[in-house]
Amino acid sequence: FQDFMDALINSNKVLIAAVNGDVVGIGFTMLPHFHIVYSVPHASMHAPFLALGQVPEGCSTYTFPRIFGRSRATEILLLGEKITSKEAESCRLVSKLLPRDKLMGETMKVAKYFAGCPKETLDAALEVMNKWNKEQLTLVNHEECRVLKDRWKSPECLGAVMNFLSKKSSKL
């Protein structure tokens, strides 16, 4: 998990996300690491960390307050409130809302644009854009993962996961 996030943080490629439905946990918290995020209008985003006995991850303790503001980030990360793709767009986490039938076409169009750009110039632009937060994001990722690993060992975490799963299975 830590290595996955480190790879996103240190990527030297343009990262483009196409959100084609609801996202939960890391699927949500990794979105601020992408350069461009497109989403379908009906998607929801959810990070139910406390309900699972977990702590926020994906550098969301750093990125979410900067995107949503501290108060809304707390509601999302600690209260587990879902947000809509429309709210994500209004906060600029999502670049653009696209109908499902246009999502992948637009995403591929943008990817092809970047593939056709002068490589050295694109690499230099990405280096400058990504440079300023890499060290901080790496520190945040490592600390979140350290705390998360401690939580995974706790009886409280196991109990919360079991409780969450039993609620889910009773709804089936």
Side-chain angles (χ1 to χ4, degrees), residues 1-40 42-95 97 126 129-172:
F1 185 80
Q2 182 173 311
D3 292 343
F4 170 74
M5 287 307 305
D6 281 344
L8 279 179
I9 293 164
N10 293 300
S11 174
N12 63 353
K13 305 294 182 198
V14 177
L15 300 176
I16 306 168
V19 179
N20 196 19
D22 297 343
V23 291
V24 178
I26 190 68
F28 180 18
T29 61
M30 72 178 176
L31 291 177
H33 300 280
F34 285 74
H35 297 97
I36 299 174
V37 179
Y38 296 137
S39 178
V40 293
H42 61 274
S44 70
M45 301 170 185
H46 188 209
F49 293 115
L50 291 186
L52 293 168
Q54 311 285 312
V55 295
E57 36 78 325
C59 300
S60 59
T61 61
Y62 180 79
T63 58
F64 277 35
R66 284 157 181 75
I67 294 166
F68 298 104
R70 184 177 177 92
S71 180
R72 185 67 179 129
T74 300
E75 291 174 332
I76 294 166
L77 294 172
L78 300 185
L79 291 177
E81 289 188 7
K82 289 182 183 180
I83 69 163
T84 65
S85 54
K86 183 71 176 161
E87 180 179 354
E89 181 193 36
S90 73
C91 293
R92 306 311 298 155
L93 173 62
V94 168
S95 306
L97 298 177
L126 287 171
M129 284 182 71
N130 295 339
K131 179 179 187 171
W132 310 111
N133 284 320
K134 274 188 181 186
E135 186 177 316
Q136 184 64 41
L137 289 170
T138 299
L139 290 171
V140 171
N141 180 43
H142 291 203
E143 180 62 11
E144 286 177 353
C145 287
R146 183 193 66 74
V147 175
L148 192 55
K149 287 174 191 172
D150 287 344
R151 296 302 314 137
W152 286 341
K153 297 173 194 171
S154 74
E156 183 180 74
C157 177
L158 178 60
V161 170
M162 297 303 289
N163 186 43
F164 183 83
L165 293 174
S166 69
K167 287 179 184 176
K168 287 288 183 191
S169 68
S170 69
K171 290 181 181 179
L172 296 178

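Given the structure is predicted, the values throughout are model-derived calculations rather than measurements.
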*Going through the distances and angles, do Leu148 and Phe49 end up as a side chain to side chain contact (heavy atoms under 4.5 Å, CB included)?*
CA-CA 10 Å; Leu148 192 55; Phe49 293 115; over 6 Å; no
*How close do Val40 and Asn20 get, heavy atom to heavy atom, and via which atoms?*
CG1-OD1, 3.5 Å
_For Lys134, is there any backbone N or O sitting under 3.5 Å from a side-chain donor or acceptor partner on Thr138?_
yes
*Does Leu8 offer a backbone N or O that forms a donor-acceptor pair with the side chain of Ser11 under 3.5 Å?*
no
*Is any side-chain heavy atom of His142 closer than 4.5 Å to a side-chain heavy atom of Asp6?*
yes
*Taking every non-hydrogen atom, the tightest pair across Val55 and Glu144*: CG2-O, 4.2 Å
*Separation of Lys86 NZ from His42 NE2 (nearest 0.5 Å)*: 15.0 Å
*Kindly indicate, with the supporting measurements, whether the criterion side chain to side chain contact (heavy atoms under 4.5 Å, CB included) is fulfilled by Thr61 and Glu143.*
CA-CA 10 Å; Thr61 61; Glu143 180 62 11; over 6 Å; no
*For side chain to side chain contact (heavy atoms under 4.5 Å, CB included), just list the numbers for Leu93 and Glu87, CA-CA rounded to whole Å, side-chain angles, deciding distance to a tenth of an Å, and then say yes or no.*
CA-CA 9 Å; Leu93 173 62; Glu87 180 179 354; over 6 Å; no
*Stepwise, does the side chain to side chain contact (heavy atoms under 4.5 Å, CB included) test hold for Val94 with Met45?*
CA-CA 11 Å; Val94 168; Met45 301 170 185; 3.9 Å; yes
*Separation of Ile76 CD1 from Thr29 OG1 (nearest 0.5 Å)*: 11.5 Å
*Spacing of CZ belonging to Arg72 relative to CG belonging to Leu77, to within rounding of 0.5 Å*: 10.0 Å
*Between Thr63 and Cys59, is there a donor-acceptor pair closer than 3.5 Å when you use the side chain of the first and the backbone of the second?*
yes
_Approximate separation, where rounding is to 0.5 Å, of Ser95 OG and Glu89 CD_ = 9.0 Å
*Determine the minimum heavy-atom distance between Gly53 and Ala160, stating which atoms define it.*
N-CB, 3.4 Å
*State, to 0.1 Å, how close Leu52 and Val161 come at their nearest heavy-atom pair, and which atoms those are.*
O-CG2, 3.4 Å
*Set of salt bridge (Lys or Arg N to Asp or Glu O under 4.0 Å) partners for Glu135, sequence neighbours left out*: none
*Between atom CZ of Phe68 and atom OG of Ser90, what is the distance when rounded to the nearest 0.5 Å?*
8.5 Å
*Kindly say whether Asp22 contributes a backbone atom to a donor-acceptor pair with the side chain of Ser44 at under 3.5 angstrom?*
no
*List the atom of Gln2, the atom of Lys149, and the distance in Å for their closest heavy-atom pair.*
OE1-NZ, 4.0 Å
*Taking all non-hydrogen atoms of both residues, which atom of Phe64 and which atom of Pro32 are closest, and how far apart?*
CE1-CG, 3.8 Å
*asked:* Any side-chain to backbone donor/acceptor pair from His33 onto Gly58? Under 3.5 Å, distance only.
replied: yes
_So, taking the atom named CD1 in Ile9 and the one named CG in Leu15, what distance separates them when rounded to the nearest 0.5 Å?_
11.0 Å
*Verify, without hydrogens or angle tests, whether Asn130 (side chain) and Asn12 (backbone) share a donor-acceptor contact under 3.5 angstrom.*
no
*Under 3.5 Å, side chain of His35 to main-chain N/O of Ile16, donor-acceptor pair present?*
no
*Any side-chain heavy-atom pair from Tyr62 and Leu139 closer than 4.5 angstrom?*
no
